[in-house]
Amino acid sequence: MNNDILKQHKISEYEYKLICDYIGREPNINEIGVFSAMWSEHCGYKNTKLLLKNLPTKGKRVVFGPGENAGVIDIGDGDFIVFKIESHNHPSSVEPYQGAATGVGGILRDVFTMGARPIAILDSLKFGDPSLSRTKHLVDGVVRGIGDYGNCVGIPNVGGDTFFEDIYNQNILVNAMCVGYARKKKIVTSKATGIGNVLVYYGATTGRDGVHGASFASAKLDDEGPRSAIQVGNPFLEKLLLEATLELIEKDLIIAAQDMGAAGLTSASTEMATKGNLGVVLNLDSIPKRVSDITPYEMLLSESQERMLALINPSNWEKVKKILEKWDLNGVIVGELIEEKVFKVTYNKEVVVNLPLDSIVEKVPLYKREVLPKPSYFSKLEPLPDNFYSISIKDALIKMLSSPNIASKKWIYQQYDHMIGDSTVVKPGEGVGVIRVFSGSKFKNFINKIFCKGEKGIALTTTANPRYCYLDPEKGAMIAVAEAARDVISVGAEPVAITNCLNFGNPEDLDVYYQLYYTIEGMKKACTVLNTPVTGGNASLYNEGELGSIYPTPVIGMVGLIKDVSKVVKPDFKKDTIIILLGKKTERIDGSEFAKLFFNKLGNKCPDIDLDYEKKVQELVLEIINKGFVTSVDSVNLGGVGISFIKGCIRGNVGGKLRLKGNIATLFGETQSCFIVGAKANKVEKIKRLAIKNGVDFEIIGNISEDKKIEICLVNENNENREFFNLDELKNIYENGFENAIK
């Protein structure tokens, strides 16, 4: 095979030799395309599969974990929650609107393919320097793409995180998460069973968009990238696809199903057959084509959006066809399951692909690389200067509040419909997203009404700590999982499980492989201690640009269960309450927003985290929420105690006094295992007793008043450093900082 062809298909000489050995001959061009897609990192997980096996995936509520289209958890009463997060980084870096829009479309299909109705969307976005015109263009396109697609399909977007750092200037990250609801008896998997059962293609026509999408996502991003690898979405067609799929599943007409996502028809058919330990024959003649001269190669690898592949009993074809016609969808039989474990494809009466099925799916070469004692860049990390103590509270607070990383993201979420479906309990800007679960059990709803019991809900969050993971991948990953758990606990939810998206650079670089290895180790440790198993996710590697690899960015998507949404707690401060700090304070600013803003450096040490102590703090906060002892709860994250306090005042439209023992680093250092809670005076002693009993640090740090004046006082051995602010002025800075930065 020509070396240029192998290079174009991202296949090494070693891998080509393996292919020839597996199939006993040289592959034709169509088969090379199949291997290119299925052996890509995006589909084959060549550099991550061996590492991901170490993650904890079992739990009392886990029904389906990694390996399915999405993870499934049992929240009781026959109710299942289906969820997953995936990346669409490279397409969004090249064409932000369509890249982000089709990222949402793809993750929606992963969820409703299993019989779950999508009930929420979240996202995690990482951009470069906000002052650059390219960044402004990317932010605008990505946000519009996410908003337009979700709004048109009718799924509320209830949360996410957006972060700016120069390292993402060329290669941005766009991760989309979808959460769906299903009844226990209506879950459909991707495992194809039954020799003679047929594969039905339905949805959009097949075009050339998305050809090489999987391999494009598994290689270094060029300045422009291949436009042919960018898919084009149609959210209105997606809505029809969603409703048709759910109706087919409701009427028990689908045996198995899979979205034609990465690697399109090839991936969907071969993975389904492999899971059922069978083979598959495809006939491309009947595929609805967008262009008349499309080739078998392009049809097999196209990632045209809004297409599904379902396995049905041939006796049900007329019923299936009638439902598809009702929803104005193309539907054709394109294949059949056979006993011989091969992937055979015909077109115009010619065999264009004939491969052993295991060579495509199961024999993907897996790479285990050297794990360095420490990466080379560790020696280049510099300690932060010690002159930050001279920075005034006022200067620091104003600069922090106006940072686009901290400032309100209302410019983003106001473009999203977060109330459609009438199930959103906590909206963006009010705290961690909460969705009410309308149980499918009529009897359960009837009993709840009789006894005045509330409805169940789920809390949802996405979070990442790329700076921490750069300073220490293991600790950074532990912090990311812990922070996600604190987020869902802050509204009164019990953390249940996570999905993750591992965004990294080139794993062939041993520094990057070190980051990948220890990030997964950190996730494993945190998920084990906090009892939040991993239900699935996505690995996105080769994210790099002119500045080199991005920071290691494991995005954690977490789901928490709330037994009664009427008892949800929000982070806004209430009048006449005492403010308490639960957990340990820090006097380090390494890796913090404060360090980046004032010194343009990260420092050289990641914040510490003790997972056992973290668990104690989380359990205490959940207990005092359940006992009704608190009026507000917020996890201390980006910006530290000082920013959490000010945001609580802004959200509650109240003034208050913060009196903190320590210095400027105590105020803005990003301490872990820490919550700020508000409580009425008569509950404070009860909270203190429980904190002492559980071995958790307790400190009264302020109170909330009737007026709109804010006082911040730092107390140390030598003096008291006091500053006064007007709430409305701070609110204006906070609410306009993001838009000012990106406009």
Side-chain angles (χ1 to χ4, degrees), residues 7-8 10 40-42 47-48 86-100 103 123-143 145 161-176 212-230 375-378 380-381 404-405 464-471 473 476 501-516 519 538-555 596 600-602 741-742:
K7 186 176 180 181
Q8 290 169 9
K10 311 294 190 297
S40 68
E41 187 66 42
H42 198 75
N47 290 282
T48 54
E86 279 205 344
S87 63
H88 229 223
N89 301 334
H90 283 22
S92 300
S93 296
V94 175
E95 213 306 303
Y97 182 87
Q98 289 295 350
D123 54 63
S124 181
L125 313 175
K126 304 291 177 285
F127 297 103
D129 181 352
S131 69
L132 299 178
S133 58
R134 170 177 161 78
T135 300
K136 298 177 192 295
H137 163 71
L138 292 171
V139 171
D140 175 70
V142 166
V143 172
D161 73 288
T162 303
F163 191 78
F164 294 87
E165 190 82 47
D166 293 357
I167 201 71
Y168 303 105
N169 274 345
Q170 187 170 346
N171 201 135
I172 66 171
L173 303 182
V174 176
N175 294 180
H212 289 306
S215 54
F216 172 49
S218 306
K220 181 178 179 180
L221 180 66
D222 296 323
D223 288 341
E224 289 298 323
R227 292 277 169 181
S228 63
I230 309 301
S376 61
Y377 70 86
F378 270 18
K380 301 174 184 176
L381 295 174
N405 286 338
N465 289 295
R467 291 170 178 165
Y468 299 165
C469 289
Y470 183 72
L471 293 174
C501 195
L502 302 178
N503 305 276
F504 287 78
N506 184 345
E508 298 161 43
D509 179 335
L510 292 186
D511 279 0
V512 173
Y513 193 76
Y514 175 97
Q515 295 170 342
L516 190 58
T519 292
N538 172 229
S540 173
L541 308 185
Y542 300 94
N543 293 289
E544 51 194 4
E546 294 174 354
L547 296 177
S549 294
I550 63 164
Y551 287 161
T553 312
V555 175
K596 187 67 178 179
N600 198 31
K601 292 180 180 179
L602 296 184
I742 57 95

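The closest side-chain heavy-atom distance from Pro96 to His137 is below 4.5 Å.
Tyr168 meets the side-chain hydrogen bond (donor to acceptor under 3.5 Å, both in side chains) test with Thr553; sequence neighbours excluded. Tyr97 is linked by a ring-ring contact (aromatic ring centres under 6.0 Å, His included) to nothing, counting only residues two or more places apart in sequence or in another chain. Under the rule for a side chain to side chain contact (heavy atoms under 4.5 Å, CB included), the partners of Cys501 that lie at least two apart in sequence or sit in another chain are Ile85, Ser87, Asn175, Asn503, Asn538, Val555. Taking Gln98 as the reference, nothing meets the side-chain hydrogen bond (donor to acceptor under 3.5 Å, both in side chains) condition, with sequence neighbours excluded. Taking Asp140 as the reference, Arg144 meet the salt bridge (charged side-chain N to carboxylate O under 4.0 Å, His left out) condition, with sequence neighbours excluded. Checked against side chain to side chain contact (heavy atoms under 4.5 Å, CB included), Asn506 has the following partners two or more places apart in sequence or in another chain: Glu508, Tyr542, Glu544. Residues that satisfy the side chain to side chain contact (heavy atoms under 4.5 Å, CB included) test with Leu471, not counting sequence neighbours, are Leu381, Leu602, Cys606. Asp161 is linked by a salt bridge (charged side-chain N to carboxylate O under 4.0 Å, His left out) to Lys126, counting only residues two or more places apart in sequence or in another chain. Under the side-chain hydrogen bond (donor to acceptor under 3.5 Å, both in side chains) criterion, Thr48 pairs with Glu41, sequence neighbours left out. Asn405 is linked by a side-chain hydrogen bond (donor to acceptor under 3.5 Å, both in side chains) to Glu593, counting only residues two or more places apart in sequence or in another chain. Annotation: salt bridge (charged side-chain N to carboxylate O under 4.0 Å, His left out) contacts of Lys601 (sequence neighbours excluded): Glu382. Residues meeting the ring-ring contact (aromatic ring centres under 6.0 Å, His included) test with Tyr468, sequence neighbours left out: none.
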Inset, instruction - Before giving the answer on side chain to side chain contact (heavy atoms under 4.5 Å, CB included), spell out for His90 and Asn543 the whole-Å C-alpha distance, their side-chain angles and the decisive distance to 0.1 Å. - result: CA-CA 8 Å; His90 283 22; Asn543 293 289; 3.3 Å; yes

Inset, instruction - Walk me through it: do Asn47 and Phe504 pass the test side chain to side chain contact (heavy atoms under 4.5 Å, CB included)? - result: CA-CA 11 Å; Asn47 290 282; Phe504 287 78; over 6 Å; no

Inset, instruction - Mind running side chain to side chain contact (heavy atoms under 4.5 Å, CB included) on Lys596 and Phe164 for me, showing each step along the way? - result: CA-CA 11 Å; Lys596 187 67 178 179; Phe164 294 87; over 6 Å; no

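Minimum heavy-atom separation, Val512 to Ser549: CG2-OG, 3.5 Å. Between Gly103 and His88, the shortest heavy-atom distance links the atoms N-ND1, 3.4 Å. Residues Asp166 and Leu547 come closest through the heavy atom pair O-CD1, 3.5 Å. Contact between Asp129 and Thr135 at its shortest, heavy atoms only, is O-OG1, 2.7 Å. In terms of heavy atoms, Tyr513 sits closest to Pro507 at CB-O, 3.5 Å. Of all heavy-atom pairs spanning Gly99 and Ser92, the tightest one is C-OG, 3.2 Å.
The main-chain N or O of Asn171 is never found under 3.5 Å from a side-chain atom of Ser93 such that the two would form a donor-acceptor pair. Here the side chain of Thr162 pairs no donor or acceptor atom with the backbone of Leu125 at under 3.5 angstrom. A distance-only check finds a donor-acceptor pair linking the side chain of Arg134 to the backbone of Gln170 [under 3.5 Å]. Distance alone, capped at 3.5 Å, is enough to place a donor-acceptor pair between the Tyr377 side chain and the Tyr470 backbone.
Separating the CG atom in Leu138 from the OG atom in Ser133 is a distance of 9.5 Å, to the nearest 0.5 Å. Distance check, rounded to the nearest 0.5 Å: CZ of Phe163 to OH of Tyr551 gives 8.5 Å. Between the CG atom of Leu516 and the CG atom of Leu510 there is a distance of 12.0 Å, given to the nearest 0.5 Å. Taking CG of Leu173 as the reference point, atom CG of Asp123 lies at 12.5 Å (rounded to 0.5 Å).
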